[in-house]
Amino acid sequence: MSTKARGVALSVLASVLFGVMYYLSAQLVPLDGEQIFGWRMLLTLPLMAVFLLAGGDWQLVRTTRQRLRAEPRLWLVLPLSAFLLGVQLWLFLWAPPNGRALDVSLGYFMLPLTMVLTGRMVYGERLTTLQGLAVLCAAAGVLHEVWRIGSFSWTAAVVALGYPLYFVLRRRHRTDHLGGLWFDMLLMLPLAAWFALGVAPGLEVYTQRPALWGLVPLMGLISTTALVSYILSSRLLPLGLFGLLGYVEPVLLVGVALLLGERLAPGQWGTYGPVWLAVALLVLEGLIQRKVQPVPARCAGSTPITR
């Protein structure tokens, strides 16, 4: 199997596993979103450490630790970075059992567009014609939702706006690598432990449903495998192809939401339709760009979006 084929297979595997975890989070009753988030962090962090050690990336953790000694401002930056990421990871697991899976999937569909706008406003990157059309389509969908219900889903807004803030912060302070990601997860650990063990009824729920003894570790294994597959695929694929494959996951998340019983109301097509059209325009632009110019490979130390 070629390097590109392995990268595509790993990217699709990661998207499928994230979709499975999205579905599984709704099957872990009576655990709530906070408890599920807590157990995910407790199980994922040590497995991520093993991955970094095995892959030779632990030096990035050492570098970040050394910078903490030399740059006191990082003691403020890293907790803020951990908070921004923690909100996203919590929301990803909270939404399905609380009937907000479709809203969160909409946020992931809009995320590429808000990233494009962030590049334009923060870094002065110019929008292509197709990017400009995509932004207008997405804006039409948002305005329709505001007109329909008088507001826009806060869950979709957190995903679409929170991730750009997270990435800008990490890039500005040079923590946008695997070492920075590991510290983000490490700083979540105390809160994760409290959510998993300290919030009533704590371990008592496992006596109510013994199957959780197997389902919760399974979630941790799926979470780590998905994250590792995603990172490995980012190293094997050109950036453009990697970005296009990123649209597989929001489609799967919509499928999970429908599988869990959520449905699009007739009036919501005016919201989702323009957003999906915007995504199609970005996919089309990516395909055109891949034909007319080579795309640089992703830096091995960088980290893609995490769930």
Side-chain angles (χ1 to χ4, degrees), residues 9-51 54 85-105 107-108 155 158-159 181-182 184-232 248-263 305-307:
L10 285 167
S11 178
V12 173
L13 174 64
S15 294
V16 170
L17 289 176
F18 281 126
V20 170
M21 186 168 59
Y22 206 50
Y23 177 80
L24 183 60
S25 65
Q27 311 306 314
L28 297 178
V29 292
L31 295 181
D32 59 24
E34 288 72 26
Q35 290 170 309
I36 297 171
F37 164 79
W39 279 114
R40 181 191 178 187
M41 291 297 99
L42 290 178
L43 295 168
T44 301
L45 183 67
L47 293 175
M48 270 296 297
V50 172
F51 169 72
L85 178 60
V87 168
Q88 299 294 345
L89 298 182
W90 163 78
L91 184 61
F92 187 82
L93 297 173
W94 174 88
N98 287 278
R100 305 303 291 268
L102 269 177
D103 288 344
V104 168
S105 69
Y108 278 106
T155 48
V158 167
V159 173
L181 174 62
W182 192 85
D184 285 343
M185 298 175 71
L186 177 67
L187 291 173
M188 296 179 210
L189 212 56
L191 183 61
W194 186 71
F195 279 156
L197 302 170
V199 177
L203 292 176
E204 293 179 12
V205 296
Y206 292 84
T207 61
Q208 301 173 28
R209 191 183 177 197
L212 291 175
W213 290 109
L215 291 174
V216 170
L218 176 63
M219 179 195 63
L221 181 61
I222 291 173
S223 171
T224 305
T225 304
L227 185 57
V228 169
S229 299
Y230 197 62
I231 292 170
L232 289 176
V248 172
E249 185 179 339
V251 173
L252 294 176
L253 298 187
V254 170
V256 170
L258 297 177
L259 187 62
L260 292 174
E262 296 187 39
R263 294 291 181 268
I305 293 172
T306 53
R307 289 102 175 131

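No side-chain donor from either of Glu34 and Trp94 sits under 3.5 Å from a side-chain acceptor of the other.
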### Query
When you look at Met48 and Leu43, which way does the side-chain contact (heavy atoms from CB on, under 4.5 Å) test go after all the steps?
CA-CA 9 Å; Met48 270 296 297; Leu43 295 168; over 6 Å; no

#### Entry: CA sep, side-chain torsions, deciding dist, call: Thr155, Leu91, side-chain contact (heavy atoms from CB on, under 4.5 Å)
CA-CA 8 Å; Thr155 48; Leu91 184 61; 3.8 Å; yes

### Message
Quick one, Met188 with Leu89, criterion side-chain contact (heavy atoms from CB on, under 4.5 Å). Give me CA distance, side-chain angles, the key distance, then yes/no.
### Response
CA-CA 11 Å; Met188 296 179 210; Leu89 298 182; 4.0 Å; yes

### Task
Show the numbers, then the answer: is there a side-chain contact (heavy atoms from CB on, under 4.5 Å) between Leu31 and Val216?
CA-CA 10 Å; Leu31 295 181; Val216 170; 3.8 Å; yes

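The shortest distance between side-chain heavy atoms of Ser229 and Ser11 does not fall below 4.5 Å. Looking at heavy atoms from C-beta onward, Trp39 lies in side-chain contact with Leu197 at the 4.5 angstrom threshold. Side-chain atoms of Tyr23 and Val20, non-hydrogen and from C-beta on, never get closer than 4.5 Å to each other.
Taking CE of Met41 as the start and CG of Leu186 as the end, the distance is 12.0 Å to the nearest 0.5 Å. Between the CG atom in Leu24 and the CG atom in Leu28 there is a gap of 4.5 Å [rounded to 0.5 Å]. Taking CZ from Phe18 and CG from Leu13, the interatomic distance works out to 10.0 Å, rounded to the nearest 0.5 Å. The distance from the CE atom of Met21 to the CG atom of Leu227 is 8.5 Å, given to the nearest 0.5 Å. To the nearest 0.5 Å, atoms CG (Leu232) and CG (Leu10) are separated by 6.0 Å. With rounding to the nearest 0.5 angstrom, the CD1 atom of Ile222 is 10.5 Å from the OG atom of Ser25.
In terms of heavy atoms, Gly38 sits closest to Phe195 at CA-CB, 4.2 Å. In terms of heavy atoms, Ala196 sits closest to Leu42 at CB-CD1, 3.7 Å. The two residues Leu252 and Ser15 have their closest heavy-atom pair at CD1-O, 3.5 Å. Nearest heavy-atom pair, Val29 versus Leu212, reported as atom, atom and distance to 0.1 Å: O-CD2, 4.3 Å. Taking all atoms of both residues into account, the shortest heavy-atom contact from Glu262 to Gly99 is OE2-C, 3.1 Å. The minimum heavy-atom distance linking Gly220 with Leu47 is given by the pair O-CD1, 4.2 Å.
Ring orientation note: the planes of Tyr22 and Phe92 are tilted relative to one another, at an angle of 30° to 60°. By the 30° and 60° cut-offs, the orientation of the rings of Tyr206 relative to Trp213 is tilted.
When atom types are taken as modelled, the side chain of Gln88 and the backbone of Leu85 share no donor-acceptor pair closer than 3.5 angstrom.
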